[in-house]
Amino acid sequence: MARQYTLHRTAPAGPRIDFAAELNPQQLAAVTAPPGPALVIAGAGSGKTRTLTYRVAYLLENGIRPEHVLLLTFTNKAAREMLDRVAAICPHDLAGLWGGTFHSIGNRILRRHPNEAGFAPGFSIMDREDAEDMLDGVVATLGFDPKEKRFPKGQVVADVLSYQLNTGRSLEDVLLEKYPHFFEFAAELEQARVKYEAKKKKANALDFDDLLEKTVRLLKSNAALAEHYQRQFQFVLVDEYQDTNHLQNDFIEILAARHHNVMVVGDDAQSIYSWRGADFRNILEFPKRHPGAVVYKIETNYRSVPQVLAVANAAISANKQQFQKVLQAAREEGAVKPAMVPLPDSQQQAQFVAQRMLELHEEGIALDDMAVLYRAHFHSMELQMELTRRGIPFELTSGLRFFEQAHIKDVGAFLKWVVNPRDEVAFKRMARLLPGIGARSADALWASVSDALSAADAPLLKKETPTTVIAPVVVAEAEQPVSPIAPAETPTQELPETIANPWEGLPAIKELLLPLKVPAKAKAAWEQLVFTLDELAPGGHLAPPQEMIHSVLEAVYDDYARVNFPNYDQRREDLNTLANFARQYESTQAFLDQLALLTSLDATARNNEETERVTLTSVHQAKGLEWKVVFVIWLADGKFPSSRSLESSEAIEEERRLFYVAVTRAMDELYLTYPCMSFNSAYGDPLQRPSRFLAEVPKTLIEEWEVGGVF
DNA sequence: TACGTGGCGCTTTTT
DNA sequence: GCGCCACGTA
């Protein structure tokens, strides 16, 4: 008799998640919500991330394929964290799931359809600085006599245009509100916008806003593509919905237009990005825009002790515009009340924080569990010095980000140009590094290069550029629903990214660049540069990114850095880190995308050392994080709230939400400090008044400390 | 092109 | 009190 043998499925079903046991009833309701629009109002520390994570897991457990789920977040970190957590609780392969920031998802879509979006494959992404550079160039062509009129610089122009786009308002409106003194230039700014668009197109470059706007525009104008993505994304989930702006909301709405299975999660009380165009009316009016939307409220706070929560609730209650909700503490009473600590000046404020941290560390609290929060990066300066003096290790998250530093961007420019030879900003940046070549020579060189490229392009443009062919849409819906919550739907076909060789049809690098006239002084360096570039793309074939970085460093940039940077060692180390980071990318294109869209190297890539350290962070960047002990410093009127917010009540309300975010980061202990005098700014009154937000908290909820002693 | 000087304006938050 | 910018000079 034949031996019986059974083959098992390779992927075991795994333990099914017991949702009811893992979640509280409010969370469970949201996680197991039926299809349809849903608004989840999740208070601070109530398990918002947990809810979203389990929601994704729930969808997968119910047979939704990962590629039919779109998860939108504001930061890469949040996206990765959530996907990691989903992976940890359920056994599905998440590779196909679309999770990421609005910008990265926009980028992903545009990379698949560059031609349809009006760009060529291999387009560059410009960060804010690149955009400002380009706009400076645009402003220069507007023909203003700088002596006659003061026309806004690229920085301001970028700000106006971006704000306008993100809020969907008129240029006049935006000018009146933000820059009334530039109102007279409305016509010229409009002209600048048109020229900027043309220039970006010519450079085959997109700025941050384009990643959203061009995607929305593509989907609005191309019904077949829109339908493809709308079919694909059966479930759209949005994190931090209170911070979406008009454009991002359009982005969500158009992708969710078919299934209306859009679950947005947020907390209106934590909306802190209006200066970037965020409009928390998006969240307030979600139910109106989506008839039949179900609202889920999650109000149990697991993070903070009741004493901290009481301060938070009291602080936010002064705001008029909000969904009424009161956070309920799940935790037991803590040991201490939040402290309010006035100090004579900012030096002593720093000393107090440092000393208190050491004491707490003695008591057994890890440095990792402590953080100092402030309104603005420069508020951390004295503290940085004090911590350094005392040898307390710290990690700083505010300030200049890793990828925005000059040396990183310099090296990146080489790669960018080789990948996209039309990239004007990258080319000029690279050229200006050479001794003897400044802005003028760089302009002249670019003019020649640009002409040569256009000449080569001309025949190319006539050729029909290939556009992505998508399968004809199947109109008939599938007969059987996949699961109780899955809508009947035909599977969609994944569209590939459009990849092209940027040098196809163009003259070889040497041929293109060597004949150009450069100042005599720069001749040798120029030749060196050309040979290096040729090495990055030998025969027009792109080398892997980390090889490119090494070539650039060895041939050109290491020498440059030695001569030009007093802190050469530090910068060289950064560049090695960059090269190391590049190793995980095969394609330079993908690497450069990350370079543009990532704000910082995460702990994984950079801080390999396991050293314990305290965290110094702006309140904005602390959103979503928590620590056992939190110090909020510079709680003085004019600092926090910032003096710029004092004119309008709406701005004050946003500052108050910011204060609320700060307070709700604390799990066990909270210290609210302010200096009574400030000497480092001769600007304004050195006398500091305590923040109005402190006055709004009933005295009974906090303990006032009187700090004495010899400083 | 690179560097020095004097005047001015005024501080945020960032995908 | 400082950094940035515009301008003038080698």
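Everything quoted here is computed from the prediction, not taken from an experiment.
Listed pair A:Ser643 / B:dT11 fails the phosphate criterion, with no side-chain N or O lying under 4.0 Å from OP1 or OP2. One finds a side-chain N or O of A:Gln621 lying less than 4.0 angstrom from the OP1 or OP2 phosphate oxygen of B:dT14.
Rounded to whole Å, the distance from CD1 on A:Ile652 to C1' on B:dT13 is 15 Å. Distance CG (A:Asp207) to P (B:dT15): 15 Å, rounded to an integer number of Å. A straight line from CZ of A:Phe378 to C1' of B:dT13 spans 12 Å, rounded to a whole angstrom. When the P atom of B:dT1 is taken as reference, atom CH2 of A:Trp526 falls 13 Å away, rounded to whole Å. When rounded to the nearest whole Å, the span between CG of A:Asn249 and P of B:dT15 equals 20 Å. If you take CG of A:Leu206 and P of B:dT15, they are 19 Å apart, rounded to a whole angstrom. Atom CZ of A:Phe102 and atom C1' of B:dT15 are 10 Å apart (whole Å). A:Gln155 places its CD atom 13 Å from the C1' atom of C:dG3, with the value rounded to the nearest Å.
Distances were taken from every side-chain heavy atom of A:Ser441 (C-beta onward) to each of B:dT13, B:dT1, B:dT14; the shortest belongs to B:dT1. Distances from the side chain of A:Lys153 to the nucleotides B:dA2, B:dT14, C:dC5 place C:dC5 closest. With distances taken from any side-chain atom of A:Ser618 to the nucleotides B:dT13, B:dA2, B:dT15, the minimum falls on B:dT13.
With sequence neighbours excluded, no residue satisfies salt bridge (charged side-chain N to carboxylate O under 4.0 Å, His left out) with A:Glu650.
For the residue pair A:Tyr196/A:Asp207, the side-chain donor-acceptor check at 3.5 Å is satisfied. Side chains of A:Asp159 and A:Gln155: no donor on one and acceptor on the other come within 3.5 Å. In summary, the side chains of A:Glu240 and A:Gln242 do present a donor paired with an acceptor at a separation below 3.5 Å, with no hydrogens or angles considered.
Ring centers of A:Trp446 and A:Phe427: under 6.0 Å apart, within the cut-off.
When each of A:Arg440 and A:Leu658 is assigned the nucleotide of DNA chain B bearing its nearest heavy atom, the one mapping closer to the 5' terminus is A:Arg440. Annotation: of the two residues near DNA chain B, A:Gly438 and A:Thr101, the 5′-most nearest-nucleotide partner is A:Gly438.
In this structure, A:Phe208 reaches the bases: a heavy-atom distance under 4.0 Å links it to at least one base atom across the strands shown.
Residue side chain A:Trp275 meets the stacking definition with respect to B:dT13: its ring centre sits within less than 5.5 angstrom of the base's six-membered ring centre, and the planes differ by less than 30 degrees.
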